[in-house]
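The structure displayed is predicted, hence computed values, not measured ones. Counting starts at 1 for both ligands and their atoms, in listed order. The basis for the numbers below is simple: all heavy atoms, side chains too, and nothing from hydrogens, waters or symmetry mates.
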Amino acid sequence: MSKKYEMTIGGETVTADSYVDVRNPANTEEVVGQAPVGTKKHLDKAIAAAAKAYKSWRFSSEEERVNACNAIAGVCTEHADELAVLLTKEQGKPLGGIGSRFEMGGCAGWAGYTGSLSLPDKVIEDSDERHVIQKRVPLGVVGSITPWNWPLIIAIWHIVPGIRTGNTVVIKPSPFTPLSTLRMIELFNEVLPPGLVNVVSGGDELGAELTTHEGIDKIVFTGSIATGKKVMASAAEGVTPVTLELGGNDAGILLPGEDPAKFAEGLFFGSMINSGQTCGALKRLYVHEDDLDATVAALSGFAANIPMGDGMDEGSILGPLQNERQFKRVIELVEDAKANGGTCVTGGEPTGGPNYFYPVTFVTGISDGVRLVDEEQFGPVLPIITYTDIDDAIERANALDFGLDASVWGSDADECARVAARLEAGTVFINKHAEIQPHVPFGGIKCSGLGVEFAEEGLAAYTSIKIINAAA
Ligand code: NAD
């Protein structure tokens, strides 16, 4: 019998009427644990607990809030090994490399750094006529909904700025990777006041219940564009503020005449991080037609030395796709590319077995208009698309409704800067891709998101402005 994980509400363990098996994507015959199926009843209880805790937490001191963030960082450090193993088993990413231990390090780092930020009062006017102060005040109960690709660090991105600014939180993790979040929140509750952070697990319908619940004062959602649109529509009912971090289809442009070997490592990990299951991964690479062969050779040469395997094996650098839905989608997009003239210069077929492994696949011979280029693949598959004119490449990179990140690669700094200025995205990288840091605001434009996370700008998203305007 596999281990049962439980919800934590108001500082207490809460059981469910039913549980579902969570399987290991590297071996789907292995049940990692059982997740409670939370219902509206649990959600009501969690929101009530968060609302109760908010009554006092909204007036907590700066010191108490900083201490809470540091306590979270401490838990992430002390329990890093346990949580990393659970994360690897349910998510699939390797323990090493840019995998579970890396994610746990990020959780501790983000929690500590975010705790150190503040939004001090601003004196707007101090004159003979009036004294005006702008304050940042909390919003109330934050409803957090997370995806399955980076479940723990995304939970930290939602929870820590929330409590740092005096809010309380109810989080609903993805039904594909609930266990590590359930355990992490259980551990947080050993060091935080009850009700500050509550977790309910369940399916998509529970997410929808959360976004329409009248007890929720702010929604922070990370997931697909399709769901993000529904979340935004639900939020309209109560005029609830939302932060949306949605899907990306990031374009990268390699400037003409460059030596692709120089950029092979950055291009490879920029696209294959977490086996491509990263919102801000490079998902379309544009290269000059004269540089195609050299680019293919550089990238496939690099890929040949990167082992993909069971994440518990210390030698693995890349893991499987996380779930059957994603596995089938990647297969479908590659098959569609093949049917539209695409050639897989590496990979191109699943490796087989009771698992969701799909090999690193570089696809040439397709262009804009083919699904693998136009849609977010979210897997270890990269279309390499040719151009003849750099301005045309920029136009094609900007043509889609996505705008998370983009990148330009080249040795001419001025030309890189010129291209970067014209690429439409929340972040444009030069000679790198998919780098995020807690002091750098991050967010998408167009359909890739609304608002930013991280830094003071991200913190401000968990507050409203309150003006105190006194007669002099
Ligand atoms: P998803 O939208 O299917 O699910 C995300 C979460 O939303 C899950 O917890 C799910 O249960 C919940 N949900 C589903 N339907 C809902 C509804 N109607 N109302 C409320 N909640 C609902 O996304 P996913 O497949 O888990 O994640 C992959 C997607 O997330 C990709 O598109 C990826 O690019 C995106 N993502 C974006 C970022 C970012 O920061 N921009 C980060 C990570 C992932």
Side-chain angles (χ1 to χ4, degrees), residues 20 35 37-38 40 43 90-91 93 103 106 110 143-158 170-178 181-182 199-213 216 219-237 240 242-250 271 273-283 321-330 333 375-379 400-405 425-427 434 436 440-454 458 461:
V20 282
V37 180
K40 173 80 167 46
L43 189 62
E90 74 169 347
Q91 205 286 332
K93 66 182 63 181
E103 186 164 344
W110 244 275
S144 149
I145 300 176
T146 51
W148 47 260
N149 58 342
W150 293 90
L152 295 188
I153 198 162
I154 291 174
I156 291 289
W157 295 343
H158 290 187
V170 174
I171 181 170
K172 190 209 84 69
S174 166
F176 293 115
T177 52
T181 305
L182 287 162
V199 58
V200 285
S201 58
D204 295 352
E205 66 295 338
L206 196 66
E209 296 272 15
L210 187 147
T211 60
T212 48
H213 201 291
I216 292 291
I219 300 168
V220 51
F221 171 81
T222 303
S224 63
I225 292 175
T227 310
K229 288 180 180 176
K230 290 185 199 161
V231 170
M232 195 168 169
S234 303
E237 190 58 34
T240 309
V242 285
T243 298
L244 302 175
E245 294 290 359
L246 309 179
N249 191 353
D250 296 5
S271 57
I273 177 171
N274 201 23
S275 290
Q277 301 165 109
T278 300
C279 53
L282 174 59
K283 296 186 177 125
L321 290 163
Q322 200 280 324
N323 57 70
E324 188 181 19
R325 186 181 76 185
Q326 194 55 35
F327 182 62
K328 285 186 170 160
R329 177 169 165 78
V330 168
L333 289 179
E375 297 179 22
E376 182 187 34
Q377 65 276 48
F378 224 56
L400 303 178
D401 255 346
F402 298 90
L404 196 51
D405 309 319
T427 302
I436 46 166
V440 182
F442 168 74
I445 60 167
K446 300 186 192 173
C447 289
S448 288
L450 185 68
V452 295
E453 295 187 288
F454 315 157

**Item:** Sub-4.0 Å heavy-atom approach of Gly444 to ligand 1
**Value:** no
**Item:** Ligand-residue contact atoms, ligand 1 with Lys230, heavy atoms, under 4.0 Å
**Value:** 18 (N)
**Item:** Side-chain heavy atoms of Thr243 within contact of Ile219, under 4.5 Å
**Value:** no
**Message:** So if I count the atoms of ligand 1 from 1 in the order they appear, which ones are less than 4.0 Å from some heavy atom of Ile154?
**Reply:** 42 (C), 43 (C)
**Item:** Heavy atom of Trp150, distance to ligand 1 below 4.0 Å
**Value:** no
**Message:** Please work out, at 4.0 Å between heavy atoms, whether the side chain, the backbone, both, or neither of Asp204 comes within that distance of ligand 1.
**Reply:** both
**Message:** For ligand 1, which is the ligand I care about here, please tell me if Trp148 has any N or O atom under 3.5 Å from one of the ligand's N or O atoms.
**Reply:** yes
**Message:** So, applying side-chain contact (heavy atoms from CB on, under 4.5 Å) with Pro147, which one of Thr177, Thr222, Thr227 is it?
**Reply:** Thr222
**Prompt:** Quick one: does Lys172 get an N or O within less than 3.5 Å of an N or O on ligand 1?
**Reply:** yes
**Asked** Which bit of Phe176 gets closer than 4.0 Å to ligand 1, counting heavy atoms only: side chain, backbone, both or neither?
**Response** neither
**Request:** Report, in ascending order of atom number, the atoms of ligand 1 lying under 4.0 Å from any heavy atom of Asn149.
**Result:** 43 (C), 44 (C)
**Message:** Quick one, Leu246 and Phe402 - any side-chain contact, counting heavy atoms below 4.5 Å?
**Reply:** no
**Request:** Classify the ring geometry between Phe378 and Trp148 as parallel (under 30°), tilted (30 to 60°) or perpendicular (over 60°).
**Result:** perpendicular
**Prompt:** What atoms in ligand 1 come closer than 4.0 Å to a heavy atom of Cys279?
**Reply:** 34 (O), 36 (N), 37 (C), 38 (C), 39 (C), 40 (O), 41 (N), 42 (C), 43 (C), 44 (C)
**Qualifying residues under side chain to side chain contact (heavy atoms under 4.5 Å, CB included), relative to Ser201, sequence neighbours excluded** = Met7, Pro36, Pro173, Pro178, Leu182
**Asked** So is Glu453 polar-close to ligand 1, meaning N/O to N/O under 3.5 Å?
**Response** no
**Request:** Heavy atoms only: give me the nearest Gln377-Val330 pair and the separation to one decimal.
**Result:** O-CG2, 3.6 Å
**Request:** Go through ligand 1 atom by atom and flag the ones less than 4.0 Å from a non-hydrogen atom of Phe442.
**Result:** 40 (O)
**Prompt:** Is it true that Glu375 and Arg329 make a salt bridge, defined as a side-chain N closer than 4.0 Å to a carboxylate O?
**Reply:** yes
**Message:** Please list, in number order, the atoms of ligand 1 under 4.0 Å from a heavy atom of Arg325.
**Reply:** 3 (O), 25 (O)
**Message:** Within the 4.0 Å heavy-atom shell around Pro173, which atoms of ligand 1 are there?
**Reply:** 9 (O)
**Min N/O separation Glu376 to ligand 1 under 3.5 Å** = yes
**Prompt:** Can you find a heavy atom in the side chain of Ile216 that is under 4.5 Å from one in the side chain of Thr211?
**Reply:** no
**Item:** Heavy-atom gap Gly449 to ligand 1 smaller than 4.0 Å
**Value:** no
**Item:** Protein contact for atom 1 (P) of ligand 1 (heavy atom, distance under 4.0 Å)
**Value:** yes
**Fill in**
The salt bridge (charged side-chain N to carboxylate O under 4.0 Å, His left out) partners of Glu90 (sequence neighbours excluded) come to none
**Region of Leu404 that comes within reach of ligand 1 [heavy atoms, distance under 4.0 Å]** = side chain
**Item:** ligand 1 N/O within reach of Pro147 N/O, cut-off under 3.5 Å
**Value:** no
**Message:** Any nitrogen or oxygen of Phe378, side chain or backbone, less than 3.5 Å from one on ligand 1?
**Reply:** no
